[in-house]
**Student:** 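Shown below is the structure under consideration.
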Number of protein chains: 2
Amino acid sequence: MPYELYYWDGLQGRGEFIRLALEEAGVEYVDVAREQGTGRGVKAMMKILKSRTEPQLPFAPPFLKDGNLILSHVANILFYLGPKLNLAPKNENLRLIANGLQLTITDFIAEVHDTHHPIATTQYYEDQKGAAKLRAKDFIEHRMPKFLDYFERILHQNPDGKEHAISNTLTYVDLSLFQIFEGLRYAFPRATANLTKDYPALGALHDKVANLPNIQAYLRSDRRLDFNTSGIFRHYPELDQDA
Amino acid sequence: MPYELYYWDGLQGRGEFIRLALEEAGVEYVDVAREQGTGRGVKAMMKILKSRTEPQLPFAPPFLKDGNLILSHVANILFYLGPKLNLAPKNENLRLIANGLQLTITDFIAEVHDTHHPIATTQYYEDQKGAAKLRAKDFIEHRMPKFLDYFERILHQNPDGKEHAISNTLTYVDLSLFQIFEGLRYAFPRATANLTKDYPALGALHDKVANLPNIQAYLRSDRRLDFNTSGIFRHYPELDQDA
């Protein structure tokens, strides 16, 4: 039975980190809300989320169904899929370190989200624009460099070489770092003008991932949606500023 | 060699979720920054965080050292410690479900933090009070009930009984849910006035955990610091409101 990915249609969002792993591995999966039509697919997703009997209840999408197992949270799903997709380190301890890295990526993504929604996810961006401007400024000046410096160090301090975040093989962490680079460039083109110069190892990893045959095919397919202002990474020119 | 927990002195913070597990298990551990004196202990912590050679580099405290292994992120540390401390389900899949629950707790904690720091962690609360008031209002009216409803359902939908979040034994998830109850009551006494009535299963779990002999001893010890306005859960009367 193919993996079933449950996530909103119409945006990359958090689901994209899982899609990239499934696509790179070339395994069969169903992107439920997209493939079954927004109506039927989202209905199937909501049925699980609203279930009053399901013991493996997710708090929110994305979640993954593998047979009878339902797993939620990007990092948890990737921790589970990693070894099956040959996208995790072989060593047990390194897998936990990889999980720690992915959780730092999770935190970073939450901060990216909060640049446009600092007050309330239940309200429109337009209704929290003032606070968003302040938060985005702090993000660009303090948080983004802090996280990117860290990931650049992770590559440099990898004893197996700076081509990968962990171990000497491609892991889901590398794929997620690629996605962060892509997303930041879309959302903040001015602030990220010197990204590759400032973070050369991350830049090289980004290019390497972009050129993996399976990833390349995916990025060119209609399964890869464009970034847009429904996702985590949103381009609002007024939130961007020069590097 | 005892476990070494690295976290800031002077507050419960995110480190508390790990302390509760170590204390309940009754294992030996060193709370480095506290026990070695803030000067020497924090210096040891910063040495790891600032290392230019350490491959297992944490982004931020808390992190755990077990021999040569350094693990960061609360959920990751608890996933690792859980089976060793006999605070995780026996079944492999259930351990992943437990990890998913802990990651929802992580997200909730981040939202609690952002009630007093919605704009910038680098700025004082006093400098973002206006936005904090808005975010706290949304948290109390929308986010807190959404998360607590979810956790209450998790207990009710546990096929092994609503005494535990997962499986039929005490896990680190139960201990974390106890801590959330404690923290919310401290931070938002007005908004949480009916907590036990509104969330009876969570209330019962809270009381059960509070009465575990090891936890009881810990809560009465000077190792349990009081909640204060340096931690995640902060009591600022102006951010509270009636339920």
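Basis for what follows: all heavy atoms, side chains included, without hydrogens, waters or symmetry-related copies. Residue numbering restarts at 1 for every chain, and letters A, B, ... go by the order of the sequence lines.
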**Student:** Using non-hydrogen atoms and a 4.5 Å limit, figure out which bit of B:Leu96 sits close to chain A: side chain, backbone, both or neither.
**Tutor:** both

**Student:** For A:His117 and B:Arg135, which heavy atoms make the closest approach, and how far apart are they?
**Tutor:** O-NH1, 4.1 Å

**Student:** Using non-hydrogen atoms only, which part of B:Asp160 is less than 4.5 Å away from chain A: side chain, backbone, both, or neither?
**Tutor:** neither

**Student:** Do the side chains of B:Glu238 and B:Lys133 get close enough for a salt bridge, i.e. N-O under 4.0 angstrom?
**Tutor:**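 The answer is no: the pair does not qualify as a salt bridge.
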
**Student:** How about A:Phe139 and A:Phe188: are their ring centroids closer than 6.0 Å?
**Tutor:** yes

**Student:** Run the salt-bridge test on B:Arg19 and B:Asp31 with the 4.0 Å N-O cut-off and return the result as yes or no.
**Tutor:** yes

**Student:** What heavy-atom pair brings A:Ile232 and A:Gly13 nearest, and what distance separates the two atoms?
**Tutor:** CG1-CA, 3.9 Å

**Student:** So which residue, A:Glu111, A:Arg153, A:Arg143, A:Gln102, ends up with the most heavy-atom pairs under 4.5 Å with chain B?
**Tutor:**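 Maximum pair count with chain B is reached by A:Arg153.
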
**Student:** What part of B:Lys137 gets within 4.5 angstrom of chain A, counting heavy atoms only: side chain, backbone, both, or neither?
**Tutor:**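 Interface part for B:Lys137: neither.
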
**Student:** If you compare all heavy atoms of B:Thr115 against all heavy atoms of B:Val112, which two are closest, and at what distance to 0.1 Å?
**Tutor:**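 Shortest heavy-atom separation between B:Thr115 and B:Val112 comes out as OG1-O, 2.6 Å.
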
**Student:** Can you tell which of B:Tyr150, B:Phe151, B:Phe147 has the highest number of heavy-atom pairs within less than 4.5 Å of chain A?
**Tutor:**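 Highest number of heavy-atom pairs under 4.5 Å: B:Tyr150.
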
**Student:** Side chain, backbone, both or neither: which part of A:Ala110 has a heavy atom under 4.5 Å from chain B?
**Tutor:**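 Neither the backbone nor the side chain of A:Ala110 comes within 4.5 Å of chain B.
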
**Student:** One pair to check against side-chain hydrogen bond (donor to acceptor under 3.5 Å, both in side chains): B:His73 and A:Thr104. What are the steps and the verdict?
**Tutor:** CA-CA 8 Å; B:His73 288 278; A:Thr104 301; 2.7 Å; yes

**Student:** Measure across B:Ala191 and B:Ile140 and return the closest heavy-atom pair with its distance rounded to 0.1 Å.
**Tutor:**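 For B:Ala191 and B:Ile140, the tightest heavy-atom pair comes out as CB-CG2, 3.7 Å.
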
**Student:** Relative to chain A, which segment of B:Phe79 carries a heavy atom at a distance below 4.5 Å: side chain, backbone, both, or neither?
**Tutor:**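 Side chain only.
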
**Student:** If only atom types and distance count, is the side chain of B:Glu163 paired as donor or acceptor with the main-chain N or O of B:Leu205 below 3.5 Å?
**Tutor:**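 No, the answer is negative, given that no donor and acceptor are paired below the 3.5 Å cut-off.
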
**Student:** For B:Ala131, is it the side chain, the backbone, both or neither that has a heavy atom under 4.5 Å from a heavy atom of chain A?
**Tutor:** both

**Student:** Heavy atoms under 4.5 Å from chain A: which residues of residues 55-62 of chain B carry them?
**Tutor:**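 Counting heavy atoms that sit under 4.5 Å from chain A, the residues of residues 55-62 of chain B involved are B:Pro55, B:Gln56, B:Leu57, B:Pro58, B:Phe59.
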
**Student:** Measuring heavy-atom distances to chain A, does B:Asn76 have an atom under 4.5 Å in its side chain, in its backbone, in both, or in neither?
**Tutor:** both

**Student:** Honestly, is B:Lys65 close enough over B:Phe63, meaning NZ or CZ under 6.0 Å from the six-membered ring centre and within 45° of the axis?
**Tutor:**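 No.
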
**Student:** Quick check: do A:Tyr3 and A:Val30 have side-chain heavy atoms less than 4.5 Å from each other?
**Tutor:** no

**Student:** Top residue by heavy-atom pair count (under 4.5 Å) with chain B, among A:Ile119, A:Leu134, A:Ile166?
**Tutor:**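 Highest number of heavy-atom pairs under 4.5 Å: A:Ile119.
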
**Student:** Answer with side chain, backbone, both or neither: which region of B:Leu49 has an atom nearer than 4.5 Å to a non-hydrogen atom of chain A?
**Tutor:**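 Backbone of B:Leu49 only, per the 4.5 Å heavy-atom cut-off to chain A.
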
**Student:** Would you say the rings of B:Tyr125 and B:His116 are close, in the sense that their centroids are separated by under 6.0 Å?
**Tutor:** no

**Student:** Would you mind reporting whether B:Leu5 and B:Val32 have side-chain heavy atoms less than 4.5 Å apart?
**Tutor:** no

**Student:** Against chain B, work out which of A:Thr106, A:Thr122, A:Leu94, A:Asp138 has the most heavy-atom pairs shorter than 4.5 Å and name it.
**Tutor:**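 Of the candidates given, the most pairs with chain B belong to A:Asp138.
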
**Student:** Any idea which heavy atoms bring B:Ala21 and B:Leu87 closest together, and the distance?
**Tutor:**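 The pair with the smallest heavy-atom distance is O-CD1, 3.5 Å.
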
**Student:** A:His156, A:Lys146, A:Gln123: which one forms the most heavy-atom pairs within less than 4.5 Å of chain B?
**Tutor:** A:Lys146

**Student:** Please classify the contact between B:Ile70 and chain A as side chain, backbone, both or neither, with a heavy-atom cut-off of under 4.5 Å.
**Tutor:** backbone

**Student:** Which answer fits B:Thr53, side chain, backbone, both or neither, if we ask what part of it has an atom under 4.5 Å from a heavy atom of chain A?
**Tutor:** backbone

**Student:** Name the region of B:Arg52, side chain, backbone, both or neither, that has any atom closer than 4.5 Å to a heavy atom of chain A.
**Tutor:**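 It is both, since atoms from each part get that close.
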
